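Working notes for the structure below.
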There are 2 protein chains.
Amino acid sequence: MQFPPRQTKKTTIYDLAELAGTSASAVSSVLNGTWKKRRISAKLAEKVTRLAQEQGYAVNMQASLLRRESSRIVGMIVPKYDNRYFGSIVETFETMARERGLFPIVTCTRRDPELEVEAAREMLGYQVEWLIATGATDPDRITDICTSAGARSLNLDLPGSRAPSIISDNFAGAYGLTRRILDNCQQRLGQMSPLMFVGGRASDHNTGERLRGFKAAHQDAGLSPDPSFILPCGYAPEKAEAALEARWASGSAMPGGMFVNSTISLEGVVHWIKRSGHYGQDMPVMGCFDWDPFVTLLGGGIEMVRQDVPAMLRAVFSIIDSGEAPEPIIKIPPIDMHEMAEA
Amino acid sequence: MQFPPRQTKKTTIYDLAELAGTSASAVSSVLNGTWKKRRISAKLAEKVTRLAQEQGYAVNMQASLLRRESSRIVGMIVPKYDNRYFGSIVETFETMARERGLFPIVTCTRRDPELEVEAAREMLGYQVEWLIATGATDPDRITDICTSAGARSLNLDLPGSRAPSIISDNFAGAYGLTRRILDNCQQRLGQMSPLMFVGGRASDHNTGERLRGFKAAHQDAGLSPDPSFILPCGYAPEKAEAALEARWASGSAMPGGMFVNSTISLEGVVHWIKRSGHYGQDMPVMGCFDWDPFVTLLGGGIEMVRQDVPAMLRAVFSIIDSGEAPEPIIKIPPIDMHEMAEA
DNA sequence: AATCAATGCTCCATCGATTGAGCATCGATG
DNA sequence: CATCGATGCTCAATCGATGGAGCATTGATT
C-alpha cells in the first residue's frame, strides 16, 4: 500500500529563520516563550509562530535538552502491566508528571533483575532527573546506578535502603485483612481456625511485613498460625495453583479460610478452587491483598485491601517537588474494601 | 533524611579521555563499538571500558542522537492501563521493541483527544521514528501530525485511513461470540431470543463492526435483533450500569442474554446484575468482547473473545521491520475463550 | 635508502537549540 | 546637537557524541 512518503528532512529553527527573514535565535526564543524577555516584537513572534504551525515544526528535544541544564524527564520502571495496581500506578504517575510539565517515561521490566538494571541505565542515558523504581527486585542496585550517574531515585511499592521509599503500610493492611477474614470465618463457619497464606515471595519486604501482620492478627485472635499453611510461592497464578494442588495431592488438610497475597495469585487460587471442587458450591472464606473490580463480583464475600495509589504518588511527587524526603520510609495506609462496598 | 548527594556533574567522554590520556573520539568509538573499524588497539579499548565502568559513565543519548541520523526510538500512545488488553499490548510492544534494539516510549492518553495530540507532538520532539496510535479517537489527525514531522505512524486496535492499521477481525469475532451466546441461551433457557448489546461507542469503528457481526448472527439464527436492546453507552463501568438501570427503571423488558462490548463495561454490567437482583441466583447468559482471567472465574459460563495481541504486534513489527504494509487494514482473528477452557 | 601499507591514533566540523553579549536604530531629554 | 535609555534584533559559543579526513610511526619490501 502506498501511504504519503515521509518528508525527507525535518524543519529546524534555521529553516524557519530563513522563511521569516530573521535569525535562528529569534525563532528559538519565540518558540520557547522567552521572546518577551529577549525583546522580540509581537509582530515577529506571531509571524514565526504561524510559520512553525504551517511547516509542522516540532522542536528537536535532543538538541534542546543537550543545551539546557535540566531535562525535566522523569523515569519509572514497573514490573508488569497485568494488574490494576501497577496499571493505576503508571497512569497516575504519568498524569501527575504531566501536570508539572515533566515528561514521564515508563518501562516494564517483567520482574527480571537484569532488565531492571538495563532499563535503568537506558533511562539515565536519556538524562532522567528522577528514576522511580517500582517493585524492584534490587532497589539499592538501581539507586547506586542512579547516584553514580548524577540522577536521583525513589523506591515505590518495595523499599530500599539507600533512597527514600514510599510503600503501603503492609503490616497494618495485612493485620486488618486477616482480622476481617477471621471474623468472616466466625460468622459463616461458626468458628475460627488458622488461615492459609498464599502467594508472594518470602524474600520480599512486603510479603514479610504482610506475614507479620497475618501472624499478629492470628495471635490477637487467640490462634496460632500453622507454619505449614504458609505458601509464599511467587506471584504467578500457575504457581499459586500448583502450590495448592501439591498440598491437596499430599493429602494434607485444607484451611477454612485463605489470605491471598495479590490479585495475580488469587487468579490461580480461585481457579484451583473451582477446578478441584474441594470447597463444593461454597468458596472458602477469603481475603486478598490488592484490589480488582472483578474480584468484588466473584461472590463469596472476598475481602480486599486496596493500596492507596493516589496517596502514594502524592508522596512521590512531594519528594520530587521539594527535593527532600521527610523520612526514609513513608508508609501509606491502604484502604479496606468489602464486597460490593465500592458501589 | 540525608541520602548521598547527587554528583554535581556527569562524566562525559572528555572526562574519560583525559583520564585515559587519549582523545574523545577514541573514547567514543570504544564505547559505541566502532573501535575495531577505527583501528583502536584492544589495550586502549580495554582501559577505556574499565574507566567508564569505574566512573559510572552513561552515554548522553541527547548528544548521541543529535549527531546520528536515526534515533531508534519508537513511540506508542494507548488509551488506558486499566484492562488486560491494553496492558498486554504495551508489555508486548516494549518486549518486541527491545528485541530489535529499539527504545520504546509509551504514554497513556486517557481517551482524551487533546492529550492524544499533545502526546504525539511531544513524542515527535523526541525524534520517534514510528508512532503507534492505539485505540486513538482521531487516528488520521495523529497520522497527519507525524507525516508533517517526517515520522511514520501505524494505527492499532482502531483503524485510520491514512496509515496502515492493524485491528482485530471484529466482525468475525462478534459474529462467533453472538452465536455462542445464542447457543448457550438455547441450551440453558430452552429458547433463543434477541440479545442485548452493551458498551462501546456507536461512532467507533470496532463497535460498528461488532454490531454488524452481532446483527448478522441474529439474522442467521433466524432472529431479528431488537434495536431498543442496543446500548453503546461508552466504555466506563458506570455508564454501562447506568444504561441498564435506566432501562430497568423504565419498566422495559430485560433480555435473556447479553453481549458486552469490553471487560470494562462488563464490570458495570455484572455489578448491576448483582445489585439489582433482576436475574436472581442465576446470571443472564453472557458474552464479552475481550478477555480477563477473573471473568473466567465469575461463573455463569460467560463466553469471551480474546484479541490476539501477540499476532497483532507481530504484524506491527513486521511493518516496522520492512517499512511497508501488505495492505491498508490488517485484520487479526481473535480467539474464542470458553469458561475454564484456558487452564 | 626510498617506498608503501598497515597500524593507531587525533583533529575538527557537525547535529539543532539556547543564551549571554553586543550592535544598530529611534525618540526623548538636557 | 550630543547623550541616553529603550527597543529589536544578531552573533557566536556551547552542550556531548560522532565520524570523515588526515597525521605519525612502524615494519616490510624493492
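Since we're looking at a predicted model, the values are computed, not measured. Below, chain A is the first sequence line, B the second, and so on; all start at residue 1.
Remark: I13(A) CD1 to T22(A) OG1 distance equals 10.5 Å, nearest 0.5 Å. Here N60(B) contributes atom CG and T12(B) contributes atom OG1; the two are 9.0 Å apart, rounded to the nearest 0.5 Å.
Counted within 6.0 Å of CD on E54(B), heavy atoms from surrounding residues, nucleotides or ligands total more than 12; the atom is thus considered enclosed.
Residues passing the side chain to side chain donor-acceptor pair (under 3.5 Å) test with S168(B), sequence neighbours excluded: Q307(B). With sequence neighbours left out, the side chain to side chain donor-acceptor pair (under 3.5 Å) criterion links D112(B) to no other residue.
Screening residues 44-82 of chain A for ring-ring contact (aromatic ring centres under 6.0 Å, His included), with sequence neighbours left out, gives Y81(A)-Y81(B). Among residues at least two apart or in separate chains, salt bridge (charged side-chain N to carboxylate O under 4.0 Å, His left out) pairs with a member in residues 72-83 of chain A are K80(A)-E91(B).
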Using nucleotides 13-16 of chain D, report all nitrogen or oxygen pairs with the protein that are shorter than 3.5 Å.
| unit_1 | atom_1 | unit_2 | atom_2 | d |
| --- | --- | --- | --- | --- |
| dT14(D) | O2 | R67(A) | NE | 3.0 |
| dT14(D) | O2 | R67(A) | NH1 | 3.4 |
| dC15(D) | O2 | R67(A) | N | 3.4 |
| dG16(D) | N2 | A63(B) | O | 3.1 |

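In the interface, the side chain of S23(A) is not paired with the base of dC11(D) through any donor and acceptor atom under 3.5 Å apart. A donor-acceptor contact under 3.5 Å links the side chain of S25(B) to the base of dC11(C).
Heavy atoms of T22(B) sit under 4.0 angstrom from primed sugar atoms or phosphate atoms, though from no base atom.
Put simply, CG on L16(A) is 12 Å from C1' on dG16(C), counting in whole angstrom units. Put simply, CD on E69(B) is 8 Å from P on dG19(D), counting in whole angstrom units.
If you check residues 30-52 of chain A against DNA chain C, the residues with a heavy atom closer than 4.0 Å are N32(A), R38(A), listed by number.
The pairing partner recorded for dG30(C) is dC1(D), the criterion being a Watson-Crick or G-U wobble arrangement whose two distances lie under 3.5 angstrom.
A centroid separation of less than 6.0 Å is found between the aromatic rings of F103(B) and Y126(A).
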